[in-house]
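Here is the structure we will look at, set down as structure tokens.
Keep in mind that the numbers below use all heavy atoms, side chains included, and drop hydrogens, waters and symmetry copies.
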Amino acid sequence: MLLYEYPFNERIRTYLRLEHLFRRLGELISREHPLDHHFALTTIFEVMDVAARADLKSDVMKDLEKQKHLLDSYRGNPSIAEGVLDSVIAQLDHCFAALNALPGKAGQALAENEWLMSIRSRASIPGGTCGFDLPAYAAWQHRPPKVRQRALEDWASTLAPLAESIYQLLKMLRDSGLAQKVMAERGQFQQSLPAGRTFQLLRLRIDPRLNLVPEISGNRLIVSVRLMQQDEDGRLHLAADRDAAFELTLCA
């Protein structure tokens, strides 16, 4: 099943972008080719760009605290396993402490590395990291893979508290939803959202054999899904001649 996710607010949109970048970074660092490590480094720069927002760190810490207080309210509930509850709260405490210990914004330590910043300033220019522009970087790319991996892991470790916090918050958000089977008639589906609940994330799973691409929109009152067919030239058009089932999960 193909999974699509749609964030209902800018904060969750930012979290999803960071999660995407962190997962890409982990995949690229584990490889050995210099080109993979070049893109690992540019991914680190992308994380720094997304994390440059002054209030991001405080937003993440507030969300960690909010989740902890919510879980604390479940203590004494006979249907809740105290051991599991304690474990999740301990993970939240660990994430909060690690993030709080970071000086300044996430990626601040990397921003103080002049060599990295010289690469970052050239990486945004098409072909700007050629050997004649950055000979020291060209030399670094010819070092043994293990040496490059250790350097990348060291740089990425300064972002690890943010990555771990994002992973934990998104996991808890995704776990809060209940999946339901729904049907899009003539390629379209709409559902009103219950009053009094604020949803933050929509998750949609669809069989890839249907060859349909969902276009998702939504707000606090309603969600809408249009199932689109893709032509050979890549253009999308509504699959108005088809009914199709998919799985929908709303996460609050």
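The side-chain heavy atoms of V225 and Y6, taken from C-beta on, include no pair separated by under 4.5 Å. L3 places a side-chain heavy atom less than 4.5 Å from the side chain of R203. Two residues are said to be in side-chain contact when any heavy atoms from C-beta on lie closer than 4.5 Å; M183 and F189 fail this criterion. For the pair L193/V223, a side-chain contact is recorded, criterion being any heavy-atom separation below 4.5 Å from C-beta on. In this structure the side chain of M48 reaches within 4.5 angstrom of the side chain of M117, judged on heavy atoms. Contact annotation: the side chain of F199 approaches that of P194 to within less than 4.5 Å [non-hydrogen atoms, C-beta and beyond]. Looking at heavy atoms from C-beta onward, I89 lies in side-chain contact with R75 at the 4.5 angstrom threshold. Taking 4.5 Å as the limit, every side-chain heavy atom of D93 sits out of range of all side-chain heavy atoms of F96.
Side-chain N or O atoms of K105 include one that pairs as donor or acceptor with a backbone N or O of A52 at under 3.5 Å. Judged purely by atom type and a 3.5 angstrom limit, D231 has no side-chain atom pairing as donor or acceptor with the backbone of D233. Using modelled atom types, one side-chain atom of N219 and one backbone atom of I222 make a donor-acceptor pair closer than 3.5 Å. Side chain of R148 to backbone of Q141: a donor-acceptor contact under 3.5 angstrom is found. With T43 contributing its side chain and F39 its backbone, the two residues share a donor-acceptor pair below 3.5 Å. A distance-only check finds no donor-acceptor pair linking the side chain of D55 to the backbone of S58 [under 3.5 Å]. For Q149 (side chain) and I29 (main-chain N/O), a donor-acceptor pair under 3.5 Å exists by modelled atom type. A donor-acceptor contact shorter than 3.5 Å is absent between the side chain of S176 and the backbone of C251. In terms of modelled atom types and a separation under 3.5 Å, the side chain of R122 and the main chain of G128 share a donor-acceptor contact.
In R53, the CZ atom is crowded: over 12 heavy atoms of neighbouring residues, nucleotides or ligands sit closer than 6.0 Å. Enclosure of atom CZ in R186 is not indicated, since only 12 or fewer non-hydrogen atoms of other residues, nucleotides or ligands lie within 6.0 angstrom. For L178, the CG atom counts as loosely surrounded, since its 6.0 Å shell holds 12 or fewer non-hydrogen atoms of other residues, nucleotides or ligands. Around the NE2 atom of H38, the shell of radius 6.0 Å holds more than 12 heavy atoms that belong to other residues, nucleotides or ligands. By the neighbour-count criterion of 12 heavy atoms within 6.0 Å, atom CD of E114 is sparsely surrounded, having that number or fewer from other residues, nucleotides or ligands.
Using a 4.0 Å cut-off between charged nitrogen and carboxylate oxygen, D49 and R120 count as a salt-bridge pair. The existence of a salt bridge linking K66 and D63 is excluded, since no basic side-chain nitrogen approaches an acidic carboxylate oxygen closer than 4.0 Å. A salt bridge links E27 with R31; the closest basic N to acidic carboxylate O contact falls under 4.0 Å. Checked for salt-bridge contact, D59 and R11 miss the test: no charged N lies under 4.0 Å from a carboxylate O. Salt bridge absent: D72 and K68 never bring a charged side-chain N and a carboxylate O closer than 4.0 Å.
With rounding to the nearest 0.5 Å, the separation of CZ in R17 from CZ in F22 is 14.5 Å. Expressed to the nearest 0.5 Å, how far CZ of R174 lies from CG of L169 amounts to 11.0 Å. Atom NE2 of H33 is separated from atom CG of L28 by 12.5 Å, given to the nearest 0.5 angstrom. Rounding to the nearest 0.5 angstrom, the gap separating the OG atom in S224 from the CD atom in Q188 is 6.5 Å. Here the straight-line distance linking atom CD of E5 with atom CZ of R205 works out to 8.5 Å at 0.5 Å rounding. In this structure, CG on D207 lies 9.5 Å from CG on L212, to the nearest 0.5 angstrom.
The hydrophobic clustering, which links ILVMFWY residues whose side-chain heavy atoms are closer than 4.5 Å, places V213 and I216 apart. With hydrophobic clusters built from ILVMFWY side chains whose heavy atoms lie under 4.5 angstrom apart, L21 shares a cluster with W155. Follow the hydrophobic side-chain contacts under 4.5 Å out from V50 and you reach I12 in the same cluster. Linking ILVMFWY side-chain heavy atoms closer than 4.5 Å, directly or via other members, places M172 and L202 in two distinct hydrophobic clusters. In the hydrophobic cluster analysis, where Ile, Leu, Val, Met, Phe, Trp and Tyr join through side-chain heavy atoms closer than 4.5 angstrom, L250 is grouped apart from L173.
Across all their heavy atoms, A136 and W115 have their closest contact at CB-NE1, 3.7 Å. A pairwise comparison of heavy atoms in T158 and L102 identifies O-CD2, 3.7 Å as the closest pair. Taking all atoms of both residues into account, the shortest heavy-atom contact from E19 to Y167 is CG-CE2, 3.8 Å. In terms of heavy-atom proximity, T129 sits nearest to A123 at CG2-CA, 3.9 Å. The two residues S118 and L134 make their nearest non-hydrogen contact at O-CD2, 4.2 Å. Between V60 and S165 the shortest heavy-atom distance is CG1-CB, 3.6 Å.
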Evaluate the criterion side-chain contact (heavy atoms from CB on, under 4.5 Å) for residue pair L116 and I44; output intermediate values, then yes/no. CA-CA 10 Å; L116 284 179; I44 288 176; over 6 Å; no

Hey, mind stepping through R150 and E153 against salt bridge (Lys or Arg N to Asp or Glu O under 4.0 Å) and telling me if it holds? CA-CA 5 Å; R150 283 196 296 271; E153 287 167 355; over 6 Å; no

Can you check side-chain contact (heavy atoms from CB on, under 4.5 Å) on Q168 and H94, steps first, answer last? CA-CA 11 Å; Q168 184 66 26; H94 169 75; over 6 Å; no

With side-chain contact (heavy atoms from CB on, under 4.5 Å) as the test, would you mind laying out the steps for L227 and R242 before giving the verdict? CA-CA 9 Å; L227 298 180; R242 300 173 61 183; over 6 Å; no

Does the pair L110 and L159 meet the rule for a side-chain contact (heavy atoms from CB on, under 4.5 Å), with working shown? CA-CA 9 Å; L110 299 179; L159 301 167; 4.2 Å; yes

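Across H69, K62, Q67, a single residue satisfies side chain to side chain contact (heavy atoms under 4.5 Å, CB included) together with E65, and that is H69.
Relative ring orientation between Y137 and W140 is described as parallel, the plane-to-plane angle staying below 30° on a 0-90° scale split at 30° and 60°.
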